[in-house]
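These values consider heavy atoms only, across backbone and side chains, with no hydrogens, waters or symmetry-generated copies. Indexing begins at 1, ligand by ligand and atom by atom, following the structure's order. Each residue takes its place number in the sequence, starting with 1.
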Amino acid sequence: MTSTATRPRGARARAAIAAKTLRTDRWWFAPLITVIGLSAWVAYATVRVFMHKWYWVEQYHYLTPFYSPCVTDRCVEGASHFGQFLPGWWIIPDAALTLPFLLLFRLTCYYYRKAYYRSFWLSPPACAVPDKHDSYSGETRFPLLGQNLHRYFFYAAAIISLINTWDAVLAFHSPEGFGFGLGNIVLLVNVVMLWAYTISCHSCRHIIGGRLKHFSKHPVRYKAWTGVSWLNVRHMQLAWITLGTLALTDFYVMAVAAGWFNDLRFIN
Ligand code: FES
């Protein structure tokens, strides 16, 4: 159902103001930065995902999150912790098992929805700046109705964070056995931030305790909900920080794998 603004009977008419908005600040700045930031990240990720190389450092077992887990028969064996069951066609990402879920997790995220509805769809571009569309149906129709599936992508993302954690643990490796280098710090920081972003999810907050009526009857869930709420306040920042740590981690692994620079080693 398309809804348009209608004036309730008896209400006064709106003031006749010709200007589209009376805002004089740079209200367009935030949407512009969002378009530039998200477009740049998507361009980088797309190039990397379809590059099909420089994702694994054999010597130290560094694996970029963009290729985790590597499940096509083109993958380097050490990078495939869960087998190789897909054909290595160019169009199939090597991490085809996880990337679609991560994409849907971020696409249906409450924060990103706000970001792209405003900056790409201009609905509205900013507070007190008119919508660029004649009609508005919100999220009442397909495909936007699908945004309600976010909690299922949250479950998938939590499992994928476990896989990323396992990758970070396996990366404490060197030809001598145990190893510790700058790459380990990069991978670890990324995993910690990914967990922080995942746990700060609005669906997580709801599942953990947000839907309860009597906190006094659920002290443990209340405590957990308090912690998640603290993180949830920072969800926007975590959404951007994790885009940064993901790209940085991928770039570091690519650079070491390609031999552009050596990993800084602390032990072995
Ligand atoms: S609301 Fe952003 S990840 Fe769930």
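- Residues passing the salt bridge (charged side-chain N to carboxylate O under 4.0 Å, His left out) test with R265, sequence neighbours excluded: D263.
- Ring geometry, H81 versus W56: the interplanar angle exceeds 60°, so the pair is classed perpendicular (tilted spans 30 to 60°).
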Output side-chain donor-acceptor pairs under 3.5 Å for residues 209-225, partner residues at least two apart or in another chain, one line each.
from	atom 1	to	atom 2	distance (Å)
R221	NE	I208	O	2.9
R221	NH2	I207	O	2.9

In a table with atom names and distances, give each donor-acceptor pair under 3.5 Å that connects a side chain of residues 88-106 to protein atoms at least two apart or in another chain.
from	atom 1	to	atom 2	distance (Å)
W90	NE1	F50	O	3.4
D94	OD1	T72	OG1	2.5
D94	OD1	R74	NH1	2.2
D94	OD2	H52	ND1	2.8
D94	OD2	R74	NH1	3.1
T98	OG1	S68	O	2.9
T98	OG1	A95	O	3.2
R106	NH1	Y112	OH	2.9
R106	NH1	A239	O	3.4
R106	NH1	T242	OG1	3.0
R106	NH2	T242	OG1	3.2

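- Within the protein, the N, O or S atoms sitting under 2.8 Å from atom 2 (Fe) of ligand 1 are C109 SG, H235 NE2.
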Query raised in the report: Would Y110 and H202 count as a ring pair (Phe, Tyr, Trp, His ring centres under 6.0 Å) if you check the C-alpha gap in whole Å, the side-chain angles of each, and the deciding distance to 0.1 Å?
Result: CA-CA 7 Å; Y110 288 65; H202 292 62; 5.3 Å; yes
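- A distance of 6.0 Å or more separates the ring centres of W41 and W240.
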